Number of protein chains: 2
Amino acid sequence: MKIHPMWADYPELAPDLTATLDLIESQIRPQNAAVAEALVAMISAGGKMLRPAYCLLFAQFRPTYDRSKMIALAAAVEALHNATLVHDDIIDKATTRRGLPTISAQFGQDVAVYAGDYLFVVCFKLIAKYASDLRSVQQDSTSMERLLNGELEQMATRYDYQIDIDQYLHQVSGKTGQLFALSSFIGAYESGQPLAFAKKIEKIGMNIGIAFQLLDDILDYTSDPDTIGKPVHEDIKQGVYSAPLILAMSRDRDAFLPYLRQQAQMSTADLAAIQALMTRHEGIPQARKMASDYTARALAGLKTLPDQPAKNTLIRLTTALLRRQN
Amino acid sequence: MKIHPMWADYPELAPDLTATLDLIESQIRPQNAAVAEALVAMISAGGKMLRPAYCLLFAQFRPTYDRSKMIALAAAVEALHNATLVHDDIIDKATTRRGLPTISAQFGQDVAVYAGDYLFVVCFKLIAKYASDLRSVQQDSTSMERLLNGELEQMATRYDYQIDIDQYLHQVSGKTGQLFALSSFIGAYESGQPLAFAKKIEKIGMNIGIAFQLLDDILDYTSDPDTIGKPVHEDIKQGVYSAPLILAMSRDRDAFLPYLRQQAQMSTADLAAIQALMTRHEGIPQARKMASDYTARALAGLKTLPDQPAKNTLIRLTTALLRRQN
């Protein structure tokens with residue numbers, strides 16, 4: 001199977017990532033052949049496999065480690081990531097992902113709910129089969145709980161006009177940070193590192209994940225040349241607020257309220273007013289600064305690592321990932 | 001918390017089941033307080049807790065066993081069962097369950113998808129924390145895979161006019177049988193029984209689960225005095241066929257086809273015709289016979305157990321459960 005073209009720049013990692021993708025594909029064996037095919041297509045359709053990449057890289061600080069075990073655990077985190085994507089797509093009523101119809105669009109919500117559940121279980125199975133010990137499995141399951149907690153928290157704060165950036169960062173650390181943290185932790189711990197080292201790596205992963213989400217939030221506003229009509233404006237109408245908006249709101253909440261209160265009935269003029277307020281209150285520059293701080297923390301953590309080839313790869317990858325402009 | 005009144009007849013089991021319910025409640029701690037409350041309400045609203053009951057009973061063939069561990073694992077299987085119910089309710093667009101609004105009706109599908117995922121993870125956490133060894137966790141996750149496979153299979157056979165009873169039994173063994181099998185297996189294995197004994201118990205659990213589902217299928221047709229207008233007729237219109245219909249079809253498939261082919265456009269007259277064909281071809285008597293065979297197999301298995309008080313309780317419970325008339 002073909003992995004994302006970005007890995008052509010990382011020949012040291014490409015073979016293991018390809019093996020990871022092949023393993024996930026071999027694990028997807030529900031009797032429902034149509035769903036099997038769609039899940040395999042989704043997983044191989046150009047997902048960047050960042051979480052498996054971090055898992056595999058953080059394993060490489062041991063002189064020797066069990067390669068097939070690490071590939072299997074990398075596959076587990078990618079299965080988990082895709083499980084959440086299948087479920088997210090039901091909720092967002094998304095019709096396409098990575099250029100293919102979503103599982104929900106293709107088969108209906110019913111199948112998509114169970115297909116996502118199936119991928120959760122593929123993840124559990126791989127962890128159960130390859131983890132070194134029960135403590136490791138416990139750590140993984142605690143991480144998974146935090147991930148879902150983050151998703152549920154986000155739903156509780158819809159239309160919460162008082163939301164502040166700390167609450168938002170707490171959600172992000174669950175929704176996005178946790179899986180990068182878990183992937184990194186598993187890479188270190190399961191390759192045989194002491195728990196203390198693995199916990200340090202886990203924190204680096206968390207910072208990478210948070211920076212990654214903040215950059216995504218910024219891109220939601222900046223990637224489209226049109227000022228109005230972006231998907232993020234749909235989010236605002238649905239009461240889902242992300243970092244640039246929350247940071248701008250923190251400077252003059254009252255100015256935003258009349259527009260936010262329109263909720264799903266927000267007009268193009270309301271959205272334009274919000275956009276103007278965001279510009280005035282430097283929503284995006286504030287968010288960039290915050291992303292930059294998390295990135296710096298992540299890179300500082302990476303720089304404390306032992307001098308191995310993987311250290312350079314990690315710094316290179318993380319810098320490329322988190323220095324995305326615009 | 002109050003357990004289902006049926007357990008008043010089983011004072012030997014009631015305290016442990018109450019402890020199981022209390023433990024699940026303590027595990028449900030998402031930050032989203034509204035969802036936490038709804039999940040707790042759902043779980044305590046009169047579910048019979050059959051799966052935990054079998055788990056606890058099959059643990060009692062050891063002279064001593066770790067009671068809190070067995071309660072935690074009983075809680076795990078009940079969490080898993082409820083996870084599938086939350087997801088089923090999204091799919092069936094059910095508005096109530098056990099007299100309360102469903103999670104999907106109360107909060108919307110989005111929240112319901114993640115709430116179900118959260119319960120899957122509560123299950124996984126409890127298994128990870130209390131299982132004796134990794135092999136046990138692997139067994140559990142394989143079981144969970146079969147459960148989801150059963151759900152997905154059922155979706156693949158919608159409107160499959162050629163469906164035969166063996167295919168259906170295969171689905172049922174996944175969808176329903178597997179969780180009774182798993183609960184029983186966990187009870188035996190995790191209380192310290194050898195694997196061979198636990199595997200025998202697992203088969204008994206599977207037979208109980210299949211008999212239970214077949215009786216449910218029969219009740220879908222017989223519990224309502226009205227001949228037309230039952231929820232099962234909605235299933236038929238949606239292409240979901242269960243044992244009584246499949247067994248009747250096996251005797252004269254061609255007669256059924258013109259009506260089944262109407263699919264969701266089936267009229268009251270079409271349903272009446274199907275009902276008449278089912279009566280003519282003894283759909284329900286055949287299904288009763290099949291349920292009876294599985295029940296006999298389950299009870300025969302139970303009778304081979306060592307003579308302990310739990311053996312009598314198991315026979316009494318299973319007989320009451322599976323001799324439901326009408």
Side-chain angles (χ1 to χ4, degrees), chain A residues 27 29-36 83-84 87-88 90-92 107-142 144-158 170-171 174, chain B residues 27 29-36 83-84 87-88 90-92 107-142 144-158 170-171 174:
Chain A
Q27 292 289 309
R29 287 270 167 274
Q31 301 253 146
N32 186 326
V35 170
T84 64
H87 281 176
D88 284 351
I90 298 169
I91 281 148
D92 300 338
F107 296 97
Q109 287 176 152
D110 332 14
V111 174
V113 173
Y114 291 128
D117 293 348
Y118 184 84
L119 288 178
F120 270 108
V121 173
V122 165
C123 168
F124 296 162
K125 271 188 68 178
L126 286 166
I127 287 174
K129 186 166 178 194
Y130 289 93
S132 316
D133 50 50
L134 281 169
R135 196 237 303 264
S136 181
V137 181
Q138 287 159 22
Q139 185 91 19
D140 300 341
S141 62
T142 299
M144 290 164 76
E145 185 187 23
R146 288 194 197 121
L147 195 158
L148 283 161
N149 221 342
E151 299 278 11
L152 288 170
E153 256 193 276
Q154 187 173 53
M155 303 196 148
T157 55
R158 259 192 187 160
H170 191 261
Q171 288 171 22
Chain B
Q27 293 288 308
R29 289 270 168 272
Q31 301 253 145
N32 186 326
V35 170
T84 65
H87 282 178
D88 284 350
I90 299 170
I91 280 149
D92 300 337
F107 295 97
Q109 289 179 149
D110 333 12
V111 173
V113 172
Y114 291 127
D117 293 349
Y118 184 84
L119 287 177
F120 270 108
V121 172
V122 164
C123 167
F124 195 53
K125 269 188 72 179
L126 286 166
I127 288 175
K129 187 168 178 192
Y130 289 94
S132 316
D133 51 49
L134 280 169
R135 196 234 305 262
S136 182
V137 183
Q138 287 159 24
Q139 184 92 20
D140 300 341
S141 60
T142 299
M144 290 164 76
E145 186 186 23
R146 288 195 197 119
L147 196 157
L148 283 159
N149 221 340
E151 300 279 10
L152 287 170
E153 256 193 277
Q154 186 173 54
M155 305 200 146
T157 56
R158 260 197 186 156
H170 191 259
Q171 287 172 24

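The figures that follow rest on heavy atoms only: side chains count, while hydrogens, waters and symmetry mates do not. Residue numbering restarts at 1 for every chain, and letters A, B, ... go by the order of the sequence lines. What you see is a predicted model; the values in this text were computed from it and never measured.
The contact between Asp133(B) and chain A is made entirely by backbone atoms, counting heavy-atom distances below 4.5 Å. Residue Arg29(A) touches chain B through its backbone alone, counting heavy-atom pairs closer than 4.5 Å. Looking at Gln171(B), neither its backbone nor its side chain comes within 4.5 Å of chain A, counting heavy atoms on both sides.
In terms of heavy-atom proximity, Val137(A) sits nearest to Ala128(B) at CG1-CB, 3.7 Å. Across Val121(B) and Glu145(A), no two heavy atoms sit closer than the pair CG1-N, 3.5 Å. Of all heavy-atom pairs spanning Asn32(A) and Ala156(B), the tightest one is ND2-CB, 3.4 Å. Of all heavy-atom pairs spanning Asn149(B) and Gln31(A), the tightest one is OD1-N, 2.8 Å. Summarising the geometry of Ile91(B) relative to Asp110(A), their closest heavy-atom pair is CG1-CA, 3.3 Å, with the distance given to 0.1 Å. Of all heavy-atom pairs between Ala115(B) and Leu152(A), the closest is N-CD2, 4.0 Å.
Residues Val111(B) and Arg158(A) are not in side-chain contact: their nearest non-hydrogen atoms beyond the backbone lie 4.5 Å or more apart. Between Phe120(A) and Leu148(B) there is no side-chain heavy-atom pair separated by less than 4.5 Å.
Most heavy-atom pairs under 4.5 Å with chain A, from the set Gln138(B), Arg146(B), Gln139(B): that is Gln138(B). No other option in Glu151(B), Gln154(B), Arg135(B), Met144(B) has as many heavy-atom pairs under 4.5 Å with chain A as Glu151(B).
The line from OG1 of Thr84(A) to OH of Tyr114(B) is 7.0 Å long, rounded to the nearest 0.5 Å. To the nearest 0.5 Å, the span separating CG on Asp140(B) from NZ on Lys125(A) amounts to 12.5 Å.
Relative ring orientation between Phe124(B) and Phe124(A) is described as parallel, the plane-to-plane angle staying below 30° on a 0-90° scale split at 30° and 60°.
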